[in-house]
Amino acid sequence: MKAVYTLEDLRCWASSGAEPPIRIGVLGDPVAHSKSPQMHNAALQALGIPARYGRIHATAEQFPETLSLLPQLGFIGVNCTIPHKAAAMQHATRLDPHAKSLGVVNTLRIEGLDLVGYNTDGPGLERAVASELGAQLGSLRVLVLGAGGGAGRAVALQCLLSGCPSVMLVNRTLEKSEQLCAELQSRAISRTDGPPSLGVVAWENDALGDALRQCDLVINCTSVGMREDDPSPLASGLLPRGLLIYDTIYTAHRTALMRAGDQTGARSANGLAMLLHQGALAFEIWFDREAPLAVMRAALLEAAGRA
Ligand code: NAP
């Protein structure tokens, strides 16, 4: 089995040579770093399902043709990652209501010639907050740090859909968080349980300190912390006692933000759990059976440790 397949490989798939055959996978650009194969292949093996999960590199231009080949090659489904999540929604022939609300698709299930679109990232975050921090996302006042990038956008939207009473957006480049806030206003206003408090906070110590004292959970969606020697995006002096911290970064190490939280007694977790739960939910969509969570978690931890 190759580490990464291409559109060219799919065009002459009979000679892919993988045994058991690849029936699920991830489409992305880049995709070589993805840890999803380790997690899903461990699950497939544990359940004795004769299939494998592979990485498929597809540029934005190649994405439509790559997708169109999958049904005839016997694929059960795929994950779609950067930069294909919006395009996956456009190419889905049917949409799960939650994916429709989020406006992006990260999981496709292949049913005959139909591509059914789902989004498991948002529900994965909800489950991660519950399992790692012991809290219901929808009951928390949330500050989203990095609310200008792709992850921050998805997280902020999920917070609104989950019912969070307050969602504060913070981004280094202020204009991007203001733009996101404007985009999210209609979602906030249309919420049946009453509009939440939705606003933008400048990335400046006084404003951040005030906002952090009025929130229960901070979710880091910046890329600061990916490297082990990265500083914390928030100084420990800004963190009030009793705060919950979810750092979406999925490395094996505790990030500097989590370590800063340790000094103030914050409960914290990193993004591995979100990755795990979005993967487990996708597995359940493809195979209509419970995913072996413990096996997938162990495989993911091992893969993250080796990265
Ligand atoms: P992205 O679209 O490139 O966004 C990067 C974000 O980080 C932007 O908000 C950017 O702010 C901010 N940023 C970058 N450098 C910064 C700095 N030095 N100081 C302050 N802010 C800085 O990336 P993405 O796809 O959203 O990914 C962001 C993170 O989310 C990554 O660490 C990724 O691993 C994680 N993630 C985790 C999961 C999961 O399942 N756990 C899923 C998706 C993503 P500006 O707008 O000012 O540039």
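One-based numbering, in listed order, for ligands and for the atoms of each.
Side-chain atoms of Ser162 never come within 3.5 Å of backbone atoms of Cys159 as a donor-acceptor pair (strictly under, hydrogens ignored). Side chain of His253 to main chain of Gly225: a donor-acceptor pair is present (N/O by atom type, distance under 3.5 Å, no hydrogens or angles). Listed for the Arg55 side chain is no donor-acceptor partner under 3.5 Å among the backbone atoms of Pro37. No donor-acceptor pair closer than 3.5 Å links the side chain of Tyr246 to the backbone N or O of Ala128.
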Starting from the N and O atoms of ligand 1, find every protein N or O within less than 3.5 Å and list the pair with its distance.
unit_1: ligand 1; atom_1: 2 (O); unit_2: Gly150; atom_2: N; d: 3.0
unit_1: ligand 1; atom_1: 7 (O); unit_2: Ser223; atom_2: N; d: 3.3
unit_1: ligand 1; atom_1: 9 (O); unit_2: Gly146; atom_2: O; d: 3.4
unit_1: ligand 1; atom_1: 9 (O); unit_2: Gly149; atom_2: N; d: 3.4
unit_1: ligand 1; atom_1: 9 (O); unit_2: Asn171; atom_2: OD1; d: 2.7
unit_1: ligand 1; atom_1: 18 (N); unit_2: Arg172; atom_2: NH1; d: 3.3
unit_1: ligand 1; atom_1: 26 (O); unit_2: Gly150; atom_2: N; d: 3.1
unit_1: ligand 1; atom_1: 26 (O); unit_2: Ala151; atom_2: N; d: 2.7
unit_1: ligand 1; atom_1: 30 (O); unit_2: Thr248; atom_2: OG1; d: 3.2
unit_1: ligand 1; atom_1: 41 (N); unit_2: Thr248; atom_2: O; d: 2.9
unit_1: ligand 1; atom_1: 41 (N); unit_2: Gly271; atom_2: O; d: 3.1
unit_1: ligand 1; atom_1: 46 (O); unit_2: Asn171; atom_2: ND2; d: 2.8
unit_1: ligand 1; atom_1: 46 (O); unit_2: Lys176; atom_2: NZ; d: 2.9
unit_1: ligand 1; atom_1: 47 (O); unit_2: Arg172; atom_2: NE; d: 3.1
unit_1: ligand 1; atom_1: 47 (O); unit_2: Thr173; atom_2: N; d: 3.0
unit_1: ligand 1; atom_1: 47 (O); unit_2: Thr173; atom_2: OG1; d: 2.5
unit_1: ligand 1; atom_1: 48 (O); unit_2: Arg172; atom_2: NH2; d: 2.9

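Cluster partners of Ile82: none. The rule joins Ile, Leu, Val, Met, Phe, Trp and Tyr whenever side-chain heavy atoms lie under 4.5 Å apart, and it links nothing here.
Checked by atom type, the side-chain pair Asp29/Thr59 shows no donor-acceptor distance below 3.5 Å.
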